[in-house]
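So the structure is just underneath, and the comments pick up after that.
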There are 2 protein chains.
Amino acid sequence: MDELDRQILSILRRDARTPYTEIADRVGTSEGTVRNRVESLVEDGIIERFTVATSTGNVKSMIEVSVDVNVDTGAVADRFIEWKEVDSVWQVSGDEDLVMVVDAADTERINELITRARELDEVVSTKTRLILDERLG
Amino acid sequence: MDELDRQILSILRRDARTPYTEIADRVGTSEGTVRNRVESLVEDGIIERFTVATSTGNVKSMIEVSVDVNVDTGAVADRFIEWKEVDSVWQVSGDEDLVMVVDAADTERINELITRARELDEVVSTKTRLILDERLG
DNA sequence: TATGAAAGACTAACTAA
DNA sequence: TTAGTTAGTCTTTCATA
């Protein structure tokens, strides 16, 4: 992870479809080098995946979840990530154990997700924050 | 946003470099249709950007920030998003006003970011959660 | 939806550090 | 031995009918 890798990453973060030739021009190297670097970044797990940032719904929110102490938090995370509105699930330190980031059609749908989470025996409590605005780095 | 769009999106979320021809095969349509659909999804803002999910550092965390009632929260968000370890900044409802998701080299660096945030006059308090594990949808 | 042209990515052989 | 370059080939995308 040297300066060249960082430059390539920052271009890809903003637009992952930028051609290798253009990246090469912008960072002052050859197409082949960029390709090799990207390949290594993928192999080393620094690039986890090529993806699309989407906003399929109208309401994004963070649902913070406390799970029972006797329960495998990872297993609960695995269930949540299967729900189609759920973008990501984090196990976190702090008052709650899990944070899920969801992107739903409307607040009613958010409410359904919260209800669904609270219906699980493993879930002790939830706390929801609406995401009012998002900036991407 | 019909079922076909949703299928295309779910393929792109997992691998945004999947060729249109392959997507077409998998969803049972033509390459041209997939291309037009993706183009429309971008135009309609449903696909916000093509990007890479990265883990450049070893420690991810969420830094929750309360800002002074008299200041423009968006302006503070704009400052945070410029910091290179910051992946995203959300304005949220709830006890705090902003949540920034950061991906740093180590906990020491996280601590520097927290300190830097707290040094701003606009910032009243911060609360940090380490992200111990992440699942992507 | 089919097809050809253009753009981009990949292979492999080569060079330099 | 590893990283970078380059020319030739193959694949994907794009525009047209």
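Only heavy atoms go into these numbers, but all of them, side chains included; no hydrogens, no water, no symmetry mates. Chain identifiers are assigned alphabetically (A, B, ...) following the order of the sequence lines, protein sequences preceding nucleic acid strands; residue numbering begins at 1 within each chain.
- Between the OH atom of B:Tyr20 and the C1' atom of C:dT1 there is a distance of 18 Å, rounded to whole Å.
- One distance of note links CD of A:Glu122 with CG of A:Asn70; it measures 11.0 Å at 0.5 Å rounding.
- Proximity of A:Pro19 to A:Glu22: side-chain heavy atoms (C-beta onward) are separated by under 4.5 Å at one or more points.
- A salt bridge does not link B:Glu119 with B:Arg116: every distance from a Lys NZ or Arg NE/NH1/NH2 to an Asp or Glu carboxylate oxygen is 4.0 Å or more.
- Applying the salt bridge (Lys or Arg N to Asp or Glu O under 4.0 Å) test to residues at least two apart or on different chains, the pairs with a partner in residues 6-20 of chain B are B:Glu3-B:Arg6.
- No salt bridge links B:Glu85 with B:Lys60; every basic N to acidic carboxylate O contact stays at or beyond 4.0 Å.
- Counting to the nearest Å, the P atom of D:dC14 and the CD1 atom of B:Ile23 are 12 Å from each other.
- A heavy atom lying under 4.0 Å from DNA chain D marks the following residues of residues 30-44 of chain A, by number: A:Ser30, A:Gly32, A:Thr33, A:Asn36, A:Arg37.
- Atom CG of B:Asp25 is separated from atom C1' of D:dT12 by 13 Å (rounded to the nearest Å).
- A salt bridge does not link A:Asp103 with A:Arg109: none of the charged nitrogens is closer than 4.0 Å to a carboxylate oxygen.
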Pairs: protein N or O with nucleotides 15-17 of chain C N or O, under 3.5 Å:
none

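- Between B:Arg37 and B:Asp44 no salt bridge is recorded (no basic side-chain N to carboxylate O distance below 4.0 Å).
- Taking atom CD of residue A:Glu22 and atom P of nucleotide C:dA6, one finds them 20 Å apart after rounding to whole Å.
- In this structure, the nucleotide among C:dA9, D:dG4, D:dT13 sitting nearest to the side chain of B:Thr21 is D:dT13.
- Both A:Thr29 and A:Arg17 sit near DNA chain D, but only A:Thr29 has its closest nucleotide nearer the 5' end.
- A salt bridge does not link B:Lys127 to B:Asp95: none of the charged side-chain nitrogens sits closer than 4.0 Å to a carboxylate oxygen.
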